[in-house]
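For the numbers below, each heavy atom of this structure counts, side chains included, while hydrogens, waters and symmetry mates do not. Residues: numbered from 1 along the sequence shown.
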Amino acid sequence: MELMLKIYSKDIPVNDPLYNYFQTAAGENGQIDPDECRALLTAGYGSEFTMVSCIAMIQMFDIDQSGAMEFQEMKYMLNEIHQWHNSFTAADHDGNGRLNANELQKALAGFDYNPSAEVLNVIVLKYPILDFGEFIAICTKLRISYGVLSDHQLIRVIKSA
């Protein structure tokens, strides 16, 4: 959270190349809601993002607790998703745009999410093969829950989606 507060600023550099992207997605109110987040990410990554994932991402990155993302919050979210995408791509050894159980484990280890074997088994049972949108759904659940919930509680969160 401290890092997010350091990055977050109400000052919007209009010369930032992402600003036009943000304005297009945000519309007239200047904030990205879950529907706009979903459209933005689906268009940007070519993979379907669930509404649950988009709501969770807004909750994670909504520093000012407005219920939507402003420009700097969106930038922070896109940075995190870029890291997840790099981990996904690096773990996708066969290049098919999907992760199997072994690739998933490598992808999660790529950014310090090291779920127990029990948690990983539940993920693999629910998602035997994951595309990028499904991977993001898992990442958001793990990021929100990591270090906060027990394995038993985390398994219930994963099964609930």
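- The side-chain heavy atoms of D94 and E103, taken from C-beta on, include a pair separated by under 4.5 Å.
- Annotation for I32 and C37: closest pair CG2-N, 3.4 Å, computed over non-hydrogen atoms.
- For the atom pair CH2 of W84 and CG of N79, the computed distance is 10.5 Å after rounding to the nearest 0.5 Å.
- Distance CZ/F135 to CZ/F49: 11.0 Å, rounded to 0.5 Å.
- With Q105 contributing its side chain and N102 its backbone, the two residues share no donor-acceptor pair below 3.5 Å.
- From L99, atom CG reaches atom CG of D131 across 9.0 Å, with rounding to the nearest 0.5 Å.
- Going from atom CZ of F61 over to atom CD of E73 covers 10.5 Å, rounded to the nearest 0.5 Å.
- Annotation: side chain of D35 is in contact with side chain of M51 (closest heavy-atom distance under 4.5 Å).
- Across every non-hydrogen atom of H93 and A90, the tightest pair is CE1-O, 3.4 Å.
- Note on L41 and I55: separate hydrophobic clusters, where clusters join Ile, Leu, Val, Met, Phe, Trp and Tyr whose side-chain heavy atoms are under 4.5 Å apart, directly or indirectly.
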Please assess D64 against D62 for the test side chain to side chain contact (heavy atoms under 4.5 Å, CB included), listing each intermediate value before the final yes or no.
CA-CA 6 Å; D64 65 359; D62 181 18; 2.7 Å; yes
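- Every residue meeting the salt bridge (charged side-chain N to carboxylate O under 4.0 Å, His left out) condition with R38, not counting sequence neighbours, appears here in chain and number order: E48.
- A 6.0 Å sphere centred on NE2 of H82 holds no more than 12 heavy atoms belonging to other residues, nucleotides or ligands.
- For T89, the side-chain contact (heavy atoms from CB on, under 4.5 Å) partners two or more places apart in sequence, or in a different chain, are H85.
- Not counting sequence neighbours, the partners of E80 by the salt bridge (charged side-chain N to carboxylate O under 4.0 Å, His left out) test are R143.
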Derivation and outcome, side chain to side chain contact (heavy atoms under 4.5 Å, CB included), residues L40 and F22:
CA-CA 9 Å; L40 174 114; F22 170 78; over 6 Å; no
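- Within the model, atoms CE of M69 and CD of Q59 stand 11.0 Å from one another, a figure rounded to the nearest 0.5 Å.
- Contact check for N20 versus Q23: side-chain heavy atoms found under the 4.5 Å cut-off.
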For a side chain to side chain contact (heavy atoms under 4.5 Å, CB included) check, start with the C-alpha distance between L18 and M74, then their side-chain angles and the critical distance, and finish with the verdict.
CA-CA 9 Å; L18 285 176; M74 181 207 71; 4.3 Å; yes
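- To the nearest 0.5 Å, atom CG of residue L108 and atom SG of residue C139 are 6.0 Å apart.
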Hey, mind stepping through V119 and I123 against side chain to side chain contact (heavy atoms under 4.5 Å, CB included) and telling me if it holds?
CA-CA 6 Å; V119 170; I123 294 171; 4.1 Å; yes
